[in-house]
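If you're wondering where the values come from, they're calculated on a predicted model, not measured in any experiment. Ligands are counted one by one from 1 in listed order, and the atoms in each one are counted from 1 as well.
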Amino acid sequence: MGAGTKVTVYGHVETVRRKGRIAFILLRTFDGEEQVTVKRGEVSDDLWSLVEELGREYFVRVEGTLVQSSIARLGREIMPERIEVIAPSKPTPIDLYGKVEAEWPTRLRYRYLDIRRPKVKAIFRIRSTLMNAAREFLRGEGFVELSFPIIIATATEGGAELFPVDYFGRKAFLAQSSQLYKQSAVAAFGRVFSIAPSFRAEKSRTRKHLTEFWQIDVEAALVSKRDLMDLQFRLVNHIVERILEENERDLEILGVKDLEPWDGYDVVSYDEALEILRRKGFEIEWGEDFGADEERALVSEFDRPFFIPEFPAAITAFYYMVDRRDPRIAHRIDMMGPGPYGVEWSSGGLREYEPARLRARMRELGLNPESFGWYLDMFEYGFPPHGGFGMGVERLMQTLLRLERIHEAALYPRTPDIVEP
Ligand code: AMO
């Protein structure tokens, strides 16, 4: 749009400032903002009196001429010929414009209004880029995108964290992950992924837990642990590059200045991670998983992503492969985001694909192999060695966008306390 162009814009009225015979309407459009400058005498009396009636969040249509202006804050302004109120607004219960945000619980209560704020919109435009970039990257690497069932009959990530579904009188659950299904598909396609919601009935009220979150779930035949680490590293860097290309203004709105692709990643053994933590005063024994405090302390030591490429077998899920020489170790790989906003971004690893070993492993972990009927059976039919990972979309956003709490990365976050709106 150049100077003096006829335009029609739609938007919400943010402010109307009147200075004598001139009024400035700041309009929030779907993808930015516009200033409408109304001069008494130059517009019809009807239009001038309509300006008097405009209130915040009125949704209006403006027809006029767009002109460049060196004094307007946006460098341009619209001189209106017609303004039409399409939908008026009640006064909003939260301030959508001020620098000071409403308290988080209040923002959530009115989330449908909160998401109109430029900062919130910036987060979700970036999320849109992230989703697309992940898809684009994985397809480029020869992965086939599939959709797996959301209503399933088995726990995949621990029985206590299931949301039950009454499935015509039978017991079913919301999927905790695509784990069993993505593995099944790898024998057919070789390289598969899905981007889908996961549901965990965890009563965790932390800065990094949601009860409904999205995973980039990836599985590949014939991969090494190094392949899995490289793939994830390149995936994350591709996402970062795309965000930098497509969301410059959004990053500015969010005040994120130092996002850039990383020059590499570190690999930190479980034992080394224990050492770092002990040096920092944590009392943690070999065999324990890292709690929230430990994780925070660990990631703050790093300024680029790192992988922990093995874990004690006793604390890893049944589907991870146990080392053939050292049964205390399982080939689970966690990818950790670095820095003050760092969190675990993904878990993954090599899978057990020999049915007898898998059965024994389930028993060891106190699971009943009988309840994994089809999943165990499928490994009897020429199943290729494979591995994969599940990366949390909101977790990744939390680190990249420096979000204090993960909930800000979900349009309508679900927590133990919140299921509405
Ligand atoms: P895991 O349970 O570690 O592994 O989940 C994978 C990733 O999903 C994210 N995540 C969460 N994000 C927000 N809120 C939660 N409550 C939450 N729980 C997990 C994290 C985590 O790293 N099937 C395996 C993955 C695999 O091995 O392929 C799994 O689900 O980013």
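Qualifying side-chain contact (heavy atoms from CB on, under 4.5 Å) partners for Gln176, counting only residues two or more places apart in sequence or in other chains: Ala155, Thr156, Glu157, Glu161, Leu162, Arg200.
In this model, no donor atom of one side chain and acceptor atom of the other lie less than 3.5 Å apart for Thr415 and Arg405.
Judged by the 6.0 Å distance and 45° axis criteria, Arg328 is positioned over the aromatic ring of Trp286.
With ring centers used as reference points, Phe372 lies under 6.0 Å from Phe318.
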| said: Working note: Lys280 + Glu294, criterion salt bridge (charged side-chain N to carboxylate O under 4.0 Å, His left out); need CA distance, chi angles, decisive distance, verdict. | reply: CA-CA 9 Å; Lys280 296 189 96 174; Glu294 281 101 354; over 6 Å; no
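Of the residues Phe306, Phe307, Trp345, Phe302, the one that meets the ring pair (Phe, Tyr, Trp, His ring centres under 6.0 Å) test with Tyr265 is Phe307.
Around ligand 1, the residues contributing at least one heavy atom under 4.0 Å from the ligand are Glu157, Ser177, Gln179, Lys182, Arg200, Glu202, Lys208, His209, Leu210, Phe213, Gln215, Tyr319, Tyr320, Glu344, Trp345, Ser346, Ser347, Gly348, Arg351, Phe389, Gly390, Gly392, Arg395, Ile406.
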